[in-house]
Amino acid sequence: MSPKTRIGLIGYGKTGRAVANIFSTDPRFELRWIARRTASGVAQTHPDTAVPIISIEQQPFEELFNRHPVDAVVDFSLPETVHSYGEIVRKRRIILVSAISAYSKSDLAYIRNLGEYTRVMCSPNITLGINFLMTAANLLRKVAPFADVEILEQHFKEKPEVSGTALKIAEKLGVEDDQVTSLRLGGIIGEHEVIFGFPHQTVRLIHSSIRREAFGTGAAFALSQLASCDIGFYTFEDLLLRATSHNELPKSGISRATI
């Protein structure tokens, strides 16, 4: 690897732009390019930088990786996109950080297979805070399995589907999907709340995303951890526990948690 980790960012929606803000200012990384699906008609760079924004319609991934080699790919695009670049990542052993929340079982199986050849981190939510919330909620659930549990997720109006993160929390805690309540309101980026109802008391664990740059700092954390990991498939929880523990992950890199 070069002194700075060379990064290719895939996806340039609201979150992708915020992630680009983080990587373009972090001295540990060199953001080499941003890939988006469609062309804008004019040459583009990310604001206040020389980082090119490249349309995959005009420059396919194979050509893009040849012209602008990278050490790592960070994907904030769509579930199907991984199949367009996955074999390049496999062949060149490029680190992959994926923050897609709506992968199918077959997509996840494909990504796990990539982890047999390179370092891969895949998580439906890539912020440090939400992953700490999930770890804390799981601990409380084990201590008090008798407690009532409800999950509330709130997001911006344009988000059509139920939060993948909320469904992941429900799966981890062993509660049904109908115990997830969704609200769509203007002015909210994303908020998740897990409510535990005990006799005589209530515990609420809440995480709020204030700015989308939180996804960028989470991706940067994941890359910094993966740099010293063995080849394998990891979840964000794996990396979080690795950072807070003196115990090493198994040499195989196989995840202790499931997606």
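Count residues from 1 along the sequence.
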Take a 6.0 Å sphere around [atom1] of [X] and say whether it holds more than 12 heavy atoms from other residues, nucleotides or ligands.
X      : atom1 : value
Arg28  : CZ    : yes
Phe132 : CZ    : no
Ile210 : CD1   : no
Glu176 : CD    : no
Asp48  : CG    : no

Are [X] and [Y] linked by a side-chain donor-acceptor pair shorter than 3.5 Å?
X      : Y      : answer
His192 : Asn125 : no
Thr135 : Asn138 : no
Arg184 : Gln154 : no
Ser98  : Tyr103 : yes
Glu237 : Asn131 : no

- [ ] Treating Ile, Leu, Val, Met, Phe, Trp and Tyr as nodes and any side-chain heavy-atom pair under 4.5 angstrom as an edge, say whether Tyr117 and Ile95 lie in one connected cluster.
- [x]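 No, it is not one cluster - the side chains of Tyr117 and Ile95 are not joined through contacts under 4.5 Å.
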
TODO: Answer with yes or no whether the hydrophobic clustering places Val162 together with Leu173; edges join I, L, V, M, F, W, Y residues whose side-chain heavy atoms lie under 4.5 Å apart.
DONE: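 Yes, same cluster.
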
Is any side-chain N of the basic residue among [X] and [Y] closer than 4.0 Å to the acidic one's carboxylate O?
X     : Y     : result
Glu57 : Arg37 : no
Glu87 : Arg92 : no
Glu63 : Arg67 : yes

Taking all non-hydrogen atoms of both residues into account, name the closest pair between [X] and [Y] and its distance.
X      : Y      : answer
Ala219 : Val74  : CB-CG1, 4.2 Å
Ser24  : His46  : OG-CD2, 4.2 Å
Phe233 : Thr235 : CE2-CG2, 4.2 Å
Asp71  : Ile94  : O-CG2, 3.4 Å
Ala214 : Thr217 : O-OG1, 2.9 Å
Leu108 : Cys122 : CD2-SG, 4.1 Å

Task: Among Leu183, Thr181, Ile169, Val180, side-chain contact (heavy atoms from CB on, under 4.5 Å) partner for Glu153 - done: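 With Glu153 as partner, side-chain contact (heavy atoms from CB on, under 4.5 Å) holds for just one option, Val180.
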
TODO: Let me see the working for Arg242 and Ser228 under side-chain hydrogen bond (donor to acceptor under 3.5 Å, both in side chains), right down to the final yes or no.
DONE: CA-CA 11 Å; Arg242 183 180 190 275; Ser228 57; 3.2 Å; yes

TODO: Dump the intermediate steps for side-chain hydrogen bond (donor to acceptor under 3.5 Å, both in side chains) on Arg212 and Asn21, then the final yes or no.
DONE: CA-CA 10 Å; Arg212 288 181 173 86; Asn21 290 339; over 6 Å; no

Task: Backbone N/O of Ile54 and side chain of Trp33: donor-acceptor pair under 3.5 Å - done: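 Absent.
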
Task: Main-chain N/O of Val51 paired to Thr49 side chain as donor or acceptor, under 3.5 Å - done: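 Judged by distance alone, yes, a pair lies under 3.5 Å.
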
Parallel, tilted or perpendicular, judged at 30° and 60°: which one describes the rings of [X] and [Y]?
X      : Y      : value
Phe196 : Phe198 : parallel
Phe236 : Phe221 : tilted
Phe29  : Phe23  : perpendicular

Task: Rounded distance [0.5 Å steps], CG in Leu31 versus OG1 in Thr5 - done: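 These two atoms lie 12.0 Å from each other.
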
Open item on the list: To the closest 0.5 Å, what do you measure between CG (Leu140) and CG (Leu205)?
Closed with: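 Taking CG in Leu140 and CG in Leu205, the distance rounds to 6.5 Å.
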
So [Y] and [X], do their side chains get closer than 4.5 Å, heavy atoms only?
X      : Y      : answer
Ile34  : Gln44  : no
Tyr12  : Phe76  : no
Ile22  : Phe215 : no
Cys229 : Leu239 : yes

TODO: Could you walk me through whether Asp107 and His83 pass side-chain contact (heavy atoms from CB on, under 4.5 Å), step by step?
DONE: CA-CA 8 Å; Asp107 291 333; His83 298 283; 2.7 Å; yes

